[in-house]
Structure formats: structure tokens, C-alpha cells
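Order of the sequence lines fixes the chain letters, A, B, ..., with proteins taken first and strands second; residue numbering starts at 1 for each chain. Keep in mind the model is a prediction, meaning the values are calculated, not measured.
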Protein chains: 2
Amino acid sequence: MSAAAAAAPAVAVDVAVFTVRDGALHVLLVRLRRGALAGRWALPGGRVRADESLDEAAARELAEATGLRDVYLEQLYSFGSPHRDPYGRVVSVAYVALIAHGGRFAADEEGVTADGRYAGVAWRSVGALPPLAYDHDSVVATALARLRAKLSYTNLVYTLLPAAFTLSELQTMYEAVLGRALDRRNFRKKILGLGLLRPLHRVRRGRHRPAALYAFRHRRPMIVEIL
Amino acid sequence: MSAAAAAAPAVAVDVAVFTVRDGALHVLLVRLRRGALAGRWALPGGRVRADESLDEAAARELAEATGLRDVYLEQLYSFGSPHRDPYGRVVSVAYVALIAHGGRFAADEEGVTADGRYAGVAWRSVGALPPLAYDHDSVVATALARLRAKLSYTNLVYTLLPAAFTLSELQTMYEAVLGRALDRRNFRKKILGLGLLRPLHRVRRGRHRPAALYAFRHRRPMIVEIL
DNA sequence: CCAAAAGTGTTCGCATTACACCCATGC
DNA sequence: GCATGGGTGTAATGCGAACACTTTTGG
């Protein structure tokens with residue numbers, strides 16, 4: 001259980017969970033409660049157990065930190081610089097997770113998490129992140145690049161949206177992740193032309209003209225040229 | 001040194017080295033000489049040492065197996081099913097390497113390698129691979145998908161070509177990797193229009209009309225929409 | 001003179017872009 | 001009635017796809 005700088009590498013997983021909240025892309029951070037880096041912000045993660053796959057470890061770590069289950073998870077990259085973890089030699093397999101905002105975890109939580117490892121959990125806008133522990137700054141940067149690229153040629157936006165949504169909400173997701181504005185007419189033309197959406201023939205009302213609601217025909221990852 | 005099925009995972013790297021030979025994409029395979037899988041074909045690879053990064057481990061393993069150095073290497077994916085290695089729990093970080101055919105390693109080598117781990121080294125066409133040890137079939141499949149995708153939006157073909165080459169040779173590389181024929185006129189128009197090549201004002205002679213030679217302006221990875 | 005590969009332009013259709021006005025509702 | 005976001009069409013441009021013949025060399 002003690003530091004082992006020259007020992008064979010241990011294996012961990014770290015998860016960068018993204019969501020779009022108020023039109024801005026956010027990552028889920030945890031505040032470390034123990035060890036040399038106590039008090040620092042980091043991505044949730046931990047050691048891989050002997051009897052679980054990497055994917056299973058990522059899903060477990062995410063569930064332990066947040067209670068979230070059945071989340072879209074995708075392996076990102078493995079980080080293995082010899083000195084990335086002050087505790088000892090740890091190779092970390094990073095994952096990206098995407099969730100729709102508004103279910104559980106709508107708000108930040110200040111208390112100590114159930115497993116006692118974290119002193120708090122918070123969504124932070126990717127435009128204003130604190131310095132992160134380990135090499136998690138690099139992990140987030142790599143995850144962002146992957147996310148931007150992948151949203152352009154897959155239907156993965158569905159992971160960021162509830163079952164019913166308006167075309168404007170869909171457009172907001174793309175704009176938040178890609179970081180640029182899109183023309184509304186061209187966007188609607190393109191998206192509707194792809195046939196990925198099913199009109200629900202219901203509307204969302206607000207203090208303005210009601211907006212038509214849509215759902216995805218298929219809520220599973222597919223390769224589709226979107227933008 | 002004994003099997004440790006329930007112990008913490010060990011970390012290894014495996015390298016899928018590709019080249020184009022006679023117009024067909026080939027992978028470099030090694031024949032295992034020791035252990036439960038002796039006699040089987042596999043990708044070169046081995047344990048990550050305590051003081052080296054993952055990239056360094058991949059480069060070292062490749063050099064040990066083949067003598068090749070300064071090769072284009074890129075991390076591919078990490079494979080970590082609990083039972084992928086009969087020896088014990090090993091998480092493998094897979095790499096893709098790309099080299100120009102014709103330097104060293106033009107031909108296969110039958111003898112035992114310098115480090116004694118392999119009973120032979122051979123290029124095999126990806127269209128006709130033997131069943132591989134571990135989960136290396138999946139590794140090769142994943143690597144192929146990555147390679148095909150990445151050649152379309154980067155200038156990485158340069159890794160597969162010598163310093164001087166003809167446009168037909170360049171086209172052959174794309175056709176071998178992508179697995180489909182390309183129109184010669186459109187190909188030349190597109191490639192020359194990108195301005196990535198420098199005409200050498202020399203020709204290659206054969207038993208036919210001489211072909212103009214070109215070189216890449218920059219031999220380093222860049223993002224470029226090629227096809 | 002024959003085989004083999006190199007070299008060269010044009011046309012067509014489709015997809016992307018740019019762009020401005022009216023509509024329906026809540027307050 | 002006014003503020004807020006919803007909804008709609010057209011024209012111009014650029015890009016990729018299809019397509020056939022002539023040229024140069026070696027043998």
C-alpha cells in the first residue's frame with residue numbers, strides 16, 4: 001500500500017464526463033479528499049480491479065462518484081508518463097462520458113461522496129477550469145478534441161439531450177460543443193434531411209412561439225456525416 | 001514470475017506495424033517462442049518498464065523486435081479484458097506504426113530474434129492473416145480502421161513512402177490502405193492542388209514513359225483533408 | 001511496332017454557404 | 001403591443017465524380 005516509484009505500473013481509469021448546461025459545455029470534477037493531492041480538483045477515477053475490464057472499471061468509477069448508470073462511455077486515450085502520479089507509477093486509461101443535463105446531478109454537491117474519496121462534485125464550464133491534479137488538464141484537452149471531432153461525424157448528440165427536444169435545443173448542443181454559431185436555416189435543413197429525427201407532433205411552450213418537439217429515431221451510436 | 005490471475009493488472013504494449021508492399025497493405029507479425037502460446041503468430045510487444053512512458057515502451061519493443069528506429073508511432077487503443085492473456089491479467093496499450101517498405105526488413109526473417117523471444121518475423125498481407133494470439137485479431141482490426149480513417153484527413157502517407165516517389169506510387173499507397181481504386185486524374189488534381197508536394201524535376205525510368213518524382217514538403221504529421 | 005504506364009480538361013450534379021422576413025405566443 | 005424565439009426559401013459557389021485519348025519510353 002506504500003508508494004512504489006520503481007515498481008511495475010498500476011492501472012487506473014479516469015472519466016471525463018461532459019454535459020451541456022445553459023448553452024455551455026461543462027465537465028464533472030471531483031475534489032480529492034485524501035493523499036498528497038487532497039483539496040485539488042480532478043476527474044473521477046480509480047484503480048482497475050483484477051476481475052473487471054477497462055470499460056467496466058470506468059462505468060463503476062463513474063457510478064461510485066455520481067450514481068450515474070447506463071451512461072454513454074467511450075475509451076479516449078491512455079496516459080502513462082512515469083511521473084504523472086506522485087503516489088507511484090500509474091498508467092491511466094481515460095474515458096469520455098456524455099450525459100444529458102437535468103436528470104440527477106443537475107446541481108453541484110458539496111458533501112463528501114458515499115465512498116468517502118471525494119470532498120465534493122461539481123460541474124465546471126470547460127472555458128474556466130481550475131488547474132487539475134495529475135495530468136488531467138491534458139486528459140480534458142484530449143477529450144475535448146475527440147468530442148468536437150466525433151460530434152461532426154456521428155449522431156452522439158443524442159447522449160446530451162433528453163428524449164424530447166426542440167431543434168433549437170439540438171442546435172445549442174452543437175454550438176456549445178463546437179464553439180461556433182451555426183446558421184439556423186441551414187442547420188434545420190441539414191438535420192431534417194438526414195432523417196435521424198422523428199417529429200413528436202407536440203410542442204414546447206414558453207414566453208414566445210411554441211417550438212415543435214422531436215425525438216431521435218435511434219438512440220444508439222451511429223456513424224453519420226452531420227456537419 | 002508465476003501466473004497471477006487475480007493480481008493487479010500488468011501493463012504491456014503491442015505494436016501493429018504496417019507497410020505497403022507490392023500494392024498490398026501488410027502487417028508485421030512475430031512467431032512466439034516461449035510460453036503457453038509458443039508457435040503462434042502475434043504482434044510484437046511486451047511489458048512496460050517502470051521508468052519509461054508508454055510511447056517509449058512501444059518504440060523500444062519495436063526496436064528490439066526489428067531494429068527499426070525513428071518510426072512513426074501512434075497510440076491506438078487499450079485492451080483490457082480480464083482473460084485476454086492466458087498468462088495472467090495484462091492490460092495492453094496498442095500502438096500503430098507506419099514505415100516505408102524497402103529499407104531494412106524488406107524480406108522476412110526466419111531465425112530467432114536477438115532477444116530470443118521470437119522464432120521469426122514476417123510481413124503478412126492484411127487480407128490473409130493467420131489467427132493471432134491473445135486478442136491481436138481485434139487489435140489489427142482496430143488498427144486498420146484507424147489507419148483508413150486517418151489517411152483521409154492527415155498527410156500520414158508520407159510515413160509509407162521513401163523520400164522521392166512518383167504520383168502513381170503515392171496513389172498506390174492510398175489504394176492499398178483504403179482498399180478501393182481511385183481515379184488518376186482526380187487524384188493528381190486533388191493532391192497537387194493541396195501543395196503538399198515539391199516537384200524534384202527528376203524522373204524515374206522503367207520500361208515505359210518516365211514518371212516525375214516528387215517529395216513531401218514537410219515530413220511531419222499534419223491535419224489535411226485529403227480524400 | 002507493341003506494351004505499359006504517364007500525363008492531361010471538361011462537364012455535371014450535389015452540397016454548402018450566405019442571407020432577411022414574417023409568425024405565434026406570453027406578458 | 002412588444003419582446004422573444006420559431007419557422008421558412010432561394011441564389012451562388014465550390015467540390016467531388018465521371019469520363020477517354022495522347023504521349024513517352026523500353027524491348
What closest approach, in Å, do [X] and [Y] show between heavy atoms, and which atom pair accounts for it?
{"X": "A:Asp55", "Y": "B:Tyr77", "value": "OD1-OH, 4.4 Å"}
{"X": "B:Val177", "Y": "B:Leu160", "value": "CG2-CD1, 4.1 Å"}
{"X": "B:Ala100", "Y": "B:Pro162", "value": "CB-N, 4.1 Å"}

Go through [options] for me and flag the one nearest to the [X] side chain.
{"X": "A:Asn186", "options": "D:dT25, D:dG9, D:dT23", "answer": "D:dG9"}
{"X": "A:Lys189", "options": "D:dG6, C:dA18, C:dT8", "answer": "C:dA18"}
{"X": "A:Asp183", "options": "C:dA5, C:dC19, C:dA24", "answer": "C:dC19"}
{"X": "A:His208", "options": "C:dA6, D:dA20, D:dT4", "answer": "D:dT4"}

When you match A:Arg185 and B:Glu169 each to their closest nucleotide on DNA chain C, which lands nearer the 5' end?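 Looking at DNA chain C, the more 5' nearest nucleotide goes with B:Glu169.
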Expressed in angstrom and rounded to an integer, what is the separation of [X] atom [atom1] from [N] atom [atom2]?
{"X": "A:Arg202", "N": "D:dG6", "atom1": "CZ", "atom2": "P", "result": "17 Å"}
{"X": "A:Phe187", "N": "D:dG7", "atom1": "CZ", "atom2": "P", "result": "13 Å"}
{"X": "A:Leu182", "N": "C:dT16", "atom1": "CG", "atom2": "P", "result": "13 Å"}
{"X": "A:Gln171", "N": "D:dT8", "atom1": "CD", "atom2": "P", "result": "14 Å"}
{"X": "A:Ile191", "N": "C:dT16", "atom1": "CD1", "atom2": "C1'", "result": "14 Å"}
{"X": "B:Tyr214", "N": "C:dA6", "atom1": "OH", "atom2": "P", "result": "12 Å"}
{"X": "B:Phe165", "N": "C:dA6", "atom1": "CZ", "atom2": "P", "result": "14 Å"}
{"X": "A:Leu192", "N": "D:dT8", "atom1": "CG", "atom2": "C1'", "result": "12 Å"}

Below 3.5 Å, does any donor atom in the side chain of [X] face an acceptor in the base of [N], or the other way round?
{"X": "B:Arg204", "N": "C:dA6", "value": "no"}
{"X": "A:Lys190", "N": "C:dT17", "value": "no"}
{"X": "A:Arg184", "N": "D:dG7", "value": "yes"}
{"X": "B:Arg207", "N": "D:dT25", "value": "no"}

Quick check on DNA chain D: between A:Ala212 and B:Arg180, whose nearest nucleotide comes earlier from the 5' end?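 The residue closer to the strand's 5' end, by nearest nucleotide, is A:Ala212.
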Any chance the rings of B:Phe165 and B:Phe216 have centres within less than 6.0 Å?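 Distance test on ring centres: under 6.0 Å, yes.
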Indicate yes or no: does A:Arg117 engage A:Glu61 in a salt bridge with an N to O separation below 4.0 Å.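 A salt bridge links A:Arg117 with A:Glu61.
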When you measure from the side-chain N and O atoms of B:Ser168 to the phosphate of C:dA6, is any distance below 4.0 Å, counting only OP1 and OP2?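 Checking C:dA6 against B:Ser168, a side-chain N or O does come within under 4.0 Å of OP1 or OP2.
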If you compare every side-chain N and O of B:Arg209 against the phosphate oxygens of D:dG26 (OP1, OP2), does one of them come in below 4.0 Å?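 Indeed not, no polar side-chain atom of B:Arg209 lies that close.
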Students often get this wrong, so: under 4.0 angstrom with heavy atoms, is A:Arg188 touching a base, only sugar-phosphate, or nothing?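 Base: the residue A:Arg188, judged by heavy atoms under 4.0 Å, touches a nucleobase.
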For the residue pair A:His101 and A:Trp123, categorise the inter-ring angle as parallel (less than 30°), tilted (30 to 60°) or perpendicular (more than 60°).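 It falls in the perpendicular class, over 60°.
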